[in-house]
Asks: 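Structure provided below as structure tokens; questions to follow.
Please read these numbers as outputs of a predicted model, since none were measured by experiment.
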Amino acid sequence: MSQPRDHWSSNTGLVLAATGSAIGLGNLWKFPFITWENNGGAFVLVYLICIAAVGLPIMMAELLIGRRSQKSAVGALKEAAGPAWGLIGGWGVLAGFILLSYYTVIAGWSLYYFAQSLGWSFGGYPAGMSAGDLFDTQVGNAGLQLMLSLGFSIGTIAVVYFGVSRGIERIARIFLPILFGILILLLVSALGMSGSGEALGFIFRPNFGELPREGILEALGHSFFTLSLGMGAMITYGSYISRKQSIVKAAGAIVALDTLIALVATIIMFSVIFSVAGMSEEVGGSTVGMLFISLPELFYTEVPFGVLLGPLFYVLVALAALTSTISLLEVVTSYVIDEHGLTRNKATVGAGMAIFVFTIFAALSFTGTPFLSSLEIFEGKVGWFSNADHFVSNWMLPTGGFFITVAAGWMMTRSTTESELLDGNEPRWFHYGAWRFFIRFVAPVAVAAIIIAVITGVDFS
Ligand code: TRP
């Protein structure tokens with residue numbers, strides 16, 4: 001009954017698909033606003049240290065666990081660490097299921113803003129329109145929210161339906177270069193703006209006196225989210241790597257590209273914001289809305305060639321989100337195929353439809369719908385959407401990530417992990433002993449610190 005396993009057609013295919021998974025709303029939407037809230041410089045430095053000391057070793061661990069077993073999250077963890085570890089894989093699949101169900105809603109907003117910005121580019125930006133009101137009207141419109149998220153879900157299902165090399169890899173190969181191109185264009189234009197010097201100073205000049213204490217943990221939590229770690233997504237992608245490819249090289253490239261894009265996106269957004277008098281005070285009031293409230297208007301009033309760059313920017317957000325949603329759906333689909341023996345087509349459509357049921361709940365979170373808009377499971381988190389996000393980001397990813405470090409560092413033998421990482425293609429900068437030290441000690445201790453912080457009540461969603 002078992003179907004032959006599809007593989008990435010080349011090392012570049014894997015790197016592009018995994019980079020596409022990593023680069024998403026986390027880079028373009030979440031990172032800039034948490035950098036803002038934590039006062040820049042010092043926070044960015046701490047984030048970079050977390051990426052290198054925790055993110056990179058765990059990225060290698062997930063890829064190697066996947067490649068070794070050639071199975072998705074549940075089967076791979078069972079094989080790596082023992083039968084009970086299937087539960088950790090299942091926890092990851094559940095995290096993917098929930099994360100995808102609400103991520104699609106924000107991805108849908110990017111479609112809306114793309115359509116709007118096209119309209120403004122041709123018809124002119126309506127004078128006197130409040131961007132905040134526009135945002136509230138769109139999130140409050142139930143029919144619109146359902147249409148947008150349904151559209152995005154169908155797009156995601158359509159890609160995963162075609163499988164790993166013909167669906168996911170192909171889309172990543174086409175979209176990622178476009179995404180990089182658009183970002184370079186936006187970066188060049190942002191650097192030419194009057195606020196770019198101030199933006200660079202804000203991002204790269206650390207002042208530790210200004211870093212809030214929780215900022216350290218927030219940086220660590222975000223390094224999981226942005227690299228798609230802690231839930232078996234990279235285990236699943238790793239299971240499609242063939243023996244000839246170097247895991248270390250791939251992990252290095254994925255982590256470097258994801259980090260670069262997060263920084264570039266932040267430079268672009270802050271250059272725009274610092275170029276407009278009074279904008280930085282205004283943004284301080286609504287950092288979450290930065291991407292959808294502060295920026296749209298600026299494209300049409302401040303940014304040179306904004307008429308062109310505005311729609312391009314929202315296409316970029318939509319493409320980045322799509323390469324992430326396909327990897328989330330792949331985690332669930334691949335589990336259903338491997339563990340329940342369904343064909344890919346049935347598994348994709350079935351999983352996609354089941355997830356969409358929960359997307360409906362998330363999409364109606366902002367529309368004043370009884371129960372869904374007022375639900376408060378976690379204190380201060382109002383609505384289905386916010387509670388789901390809080391649960392996944394603060395509980396599921398860190399706990400999943402912790403157990404993955406234990407599986408790779410303590411349950412698997414030295415010779416097993418060594419032979420996976422030193423496969424003859426590894427780059428010169430890689431040192432196996434250092435990796436083993438980080439995965440056994442540094443990463444689990446850091447992750448345990450996040451979990452303890454969450455238990456004692458620090459919120460970093
Ligand atoms: N990394 C994605 C982003 O930055 C979000 C994400 C978290 C994700 N975990 C994932 C994407 C797992 C795909 C698979 O937006």
Asks: Given Phe31 and Thr226, is the side chain to side chain contact (heavy atoms under 4.5 Å, CB included) satisfied, shown in steps?
Replies: CA-CA 8 Å; Phe31 183 66; Thr226 190; over 6 Å; no

Asks: Main chain of Met412, side chain of Thr416: is a donor-acceptor contact present, judged purely on distance under 3.5 Å?
Replies: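 No, Thr416 side chain to Met412 backbone: no donor-acceptor pair under 3.5 Å.
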
Asks: Taking all non-hydrogen atoms of both residues, which atom of Ala408 and which atom of Thr417 are closest, and how far apart?
Replies: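 For Ala408 and Thr417, the tightest heavy-atom pair comes out as O-CG2, 3.8 Å.
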
Asks: For the CD1 atom of Ile65 and the CD1 atom of Ile235, what is their distance to the nearest 0.5 Å?
Replies: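 Here the rounded value is 4.5 Å.
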
Asks: When you measure from the side chain of Ser275 to the backbone N and O of Gly195, does any donor-acceptor pair fall under 3.5 Å?
Replies: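 Present.
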
Asks: Please indicate whether Phe180 has more than 12 foreign heavy atoms, meaning atoms of other residues, nucleotides or ligands, lying under 6.0 Å from its CZ.
Replies: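 Result for CZ/Phe180: enclosed.
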
Asks: Would you compute the distance between atom CG of Leu422 and atom NE2 of His431 and round it to the nearest 0.5 angstrom?
Replies: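 Going from CG on Leu422 over to NE2 on His431, the span is 10.0 Å.
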
Asks: Determine yes or no for a side-chain-to-main-chain donor-acceptor pair under 3.5 angstrom, with Asn38 supplying the side chain and Thr35 the backbone.
Replies: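 Side chain of Asn38 to backbone of Thr35: no pair is present.
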
Asks: Report the C-alpha separation of Phe43 and Glu37 in whole Å, then their side-chain angles, then the decisive distance to 0.1 Å, and conclude whether the side chain to side chain contact (heavy atoms under 4.5 Å, CB included) test is met.
Replies: CA-CA 9 Å; Phe43 174 80; Glu37 283 176 341; over 6 Å; no

Asks: Determine the interplanar angle of the Phe361 and Trp384 rings, folded into 0 to 90°, and report it as parallel if under 30°, tilted if 30 to 60°, perpendicular if over 60°.
Replies: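 Rings of Phe361 and Trp384: perpendicular, over 60°.
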
Asks: Any sub-3.5 Å donor-acceptor pair from Arg67's side-chain atoms to Tyr240's backbone N or O?
Replies: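 Not a single qualifying donor-acceptor pair exists.
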
Asks: To the nearest 0.5 angstrom, please state how far the CG atom of Asn387 sits from the OG atom of Ser365.
Replies: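 Interatomic distance, Asn387 CG to Ser365 OG, rounded to 0.5 Å: 8.5 Å.
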
Asks: Within this structure, what is the CG-CG distance for the pair Leu227 and Leu56, rounded to the nearest 0.5 Å?
Replies: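 Those atoms lie 8.5 Å apart.
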
Asks: Can you confirm whether or not the ring centre of Phe299 sits under 6.0 Å from the ring centre of Trp120?
Replies: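 They do not qualify: ring centres at least 6.0 Å apart.
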
Asks: Looking at Lys249 and Asp423, is there a salt bridge between them, counting it only when a charged N and a carboxylate O are closer than 4.0 Å?
Replies: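 Looking at Lys249 together with Asp423, the answer is no, because their closest N to O distance does not fall below 4.0 Å.
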
Asks: Please find out if less than 6.0 Å separates the ring center of Phe441 from that of Trp435.
Replies: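 Ring-ring flag for Phe441/Trp435: false, centres at least 6.0 Å apart.
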
Asks: Do you see a donor-acceptor pair shorter than 3.5 Å between the side chains of Arg173 and Ser10?
Replies: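 Present: a donor and an acceptor within the cut-off.
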
Asks: Students often mix this up, so state it plainly: with edges at 30° and 60°, are the rings of Phe292 and Phe135 parallel, tilted or perpendicular?
Replies: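 It falls in the parallel class, under 30°.
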
Asks: Once rounded to the nearest 0.5 Å, what's the spacing between atom CD of Glu330 and atom CD1 of Ile168?
Replies: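 Between Glu330 CD and Ile168 CD1, I get 4.0 Å after rounding to 0.5 Å.
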
Asks: Within the distance-only criterion (no hydrogens, no angle test), does the side chain of Thr348 pair as donor or acceptor with the backbone N or O of Arg344 below 3.5 angstrom?
Replies: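 At least one qualifying donor-acceptor pair exists.
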
Asks: Spell out, as yes or no, whether a donor-acceptor pair under 3.5 Å connects the side chain of Asp338 to the backbone of Gly75.
Replies: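 Here the side-chain-to-backbone pair does not exist.
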
Asks: Restricting to non-hydrogen atoms, name the atom on Ser196 and the atom on Leu191 that form the minimum distance, rounded to 0.1 Å.
Replies: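 Minimum heavy-atom contact is OG-O, 3.0 Å.
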
Asks: For the CD atom of Glu169 and the OG1 atom of Thr12, what is their distance to the nearest 0.5 Å?
Replies: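 That separation rounds to 8.0 Å.
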
Asks: Are more than 12 heavy atoms, taken from residues, nucleotides or ligands other than Tyr432, located less than 6.0 Å from that residue's OH atom?
Replies: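 It does: Tyr432 OH has more than 12 such atoms within range.
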
Asks: Classify the ring geometry between Phe225 and His222 as parallel (under 30°), tilted (30 to 60°) or perpendicular (over 60°).
Replies: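 Because their plane-to-plane angle is under 30°, the rings of Phe225 and His222 count as parallel.
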
Asks: Is a side-chain donor-acceptor pair under 3.5 Å present for Ser239 with Thr236?
Replies: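 Distance-only check fails for Thr236 and Ser239.
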
Asks: Hey, are Glu79 and Arg68 close enough for a salt bridge, meaning a charged N less than 4.0 Å from a carboxylate O?
Replies: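 Between Arg68 and Glu79 there is no salt bridge, as every charged N stays at least 4.0 Å from the carboxylate O atoms.
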
Asks: Report yes or no: do Gln138 and Gln116 form a side-chain donor-acceptor pair below 3.5 Å?
Replies: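 The criterion, which ignores hydrogens and geometry beyond distance, is not satisfied for Gln116 and Gln138.
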
Asks: Does Lys30 come within less than 4.0 Å of Glu218, counting only side-chain N to carboxylate O?
Replies: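 No.
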
Asks: If you look at every heavy atom in Leu220 and Ala446, which pair is closest and at what distance?
Replies: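 Scanning both residues completely, I find the closest heavy atoms to be CD2-O, 3.1 Å.
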
Asks: Go through the steps to decide whether Trp36 and Ile273 satisfy the test side chain to side chain contact (heavy atoms under 4.5 Å, CB included), and finish with yes or no.
Replies: CA-CA 11 Å; Trp36 186 268; Ile273 287 163; 4.2 Å; yes

Asks: Of the non-hydrogen atoms in Leu187 and Ile267, which two are nearest, and what is the gap between them?
Replies: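 Smallest heavy-atom distance, with atoms named: CD1-CG2, 3.9 Å.
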
Asks: Please name the pair of heavy atoms, one in Tyr237 and one in Ile326, separated by the smallest distance, quoted to 0.1 Å.
Replies: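 Closest approach of Tyr237 to Ile326, heavy atoms only: OH-C, 4.4 Å.
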
Asks: Under 3.5 Å, is there a donor on one side chain and an acceptor on the other for Tyr300 and Ser121?
Replies: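 Looking only at side-chain atoms, Ser121 and Tyr300 do form a donor-acceptor pair, the distance falling under 3.5 Å.
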
Asks: Does Glu426 reach the main-chain N or O of Gly424 with its side chain, forming a donor-acceptor pair under 3.5 Å?
Replies: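 At least one qualifying donor-acceptor pair exists.
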
Asks: Within the side chain of Thr333, is there an N or O that forms a donor-acceptor pair under 3.5 Å with the backbone of Val160?
Replies: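 No, Thr333 side chain to Val160 backbone: no donor-acceptor pair under 3.5 Å.
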
Asks: So which of Trp109, Phe385, Phe152, Phe366 actually passes ring-ring contact (aromatic ring centres under 6.0 Å, His included) with Tyr102?
Replies: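 Among Trp109, Phe385, Phe152, Phe366, the one that satisfies the ring-ring contact (aromatic ring centres under 6.0 Å, His included) with Tyr102 is Phe385.
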
Asks: Would you find a donor on one side and an acceptor on the other, under 3.5 Å apart, between the side chain of Glu339 and the backbone of Val74?
Replies: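 No.
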
Asks: Just checking Tyr335: does its OH atom have more than 12 heavy atoms from other residues, nucleotides or ligands closer to it than 6.0 angstrom?
Replies: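 No, the 6.0 Å shell around OH holds no more than 12 heavy atoms from other groups.
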
Asks: Between Gln245 and His7, do the side chains contain a donor N or O and an acceptor N or O under 3.5 Å apart?
Replies: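 No.
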
Asks: Using modelled atom types and a 3.5 Å cut-off, is there a donor and acceptor pairing between side-chain atoms of Trp410 and backbone atoms of Arg440?
Replies: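 Here the side-chain-to-backbone pair exists.
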
Asks: Does CZ in Phe403 sit with more than 12 non-hydrogen atoms of other residues, nucleotides or ligands closer than 6.0 Å?
Replies: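 Check fails, neighbour count at 12 or below.
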
Asks: Any idea which heavy atoms bring Gly306 and Pro311 closest together, and the distance?
Replies: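 That closest heavy-atom pairing would be O-CD, 4.0 Å.
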
Asks: What do you reckon, is CZ of Phe162 surrounded by more than 12 foreign heavy atoms closer than 6.0 Å?
Replies: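 No, CZ of Phe162 has 12 or fewer neighbouring heavy atoms, counting only those of other groups under 6.0 Å.
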
Asks: Using only heavy-atom distances, determine whether the side chains of Ser21 and Ser228 contain a donor-acceptor pair under 3.5 Å.
Replies: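 Ser228 and Ser21 do have a side-chain donor-acceptor pair below 3.5 Å.
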
Asks: Could you check whether the rings of Trp29 and Phe33 sit parallel, tilted or perpendicular, using 30° and 60° as the cut-offs?
Replies: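 Ring orientation of Trp29 relative to Phe33: perpendicular.
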
Asks: Kindly determine whether Ser165 and Trp8 satisfy side chain to side chain contact (heavy atoms under 4.5 Å, CB included), including the steps that lead there.
Replies: CA-CA 5 Å; Ser165 52; Trp8 307 112; 6.0 Å; no

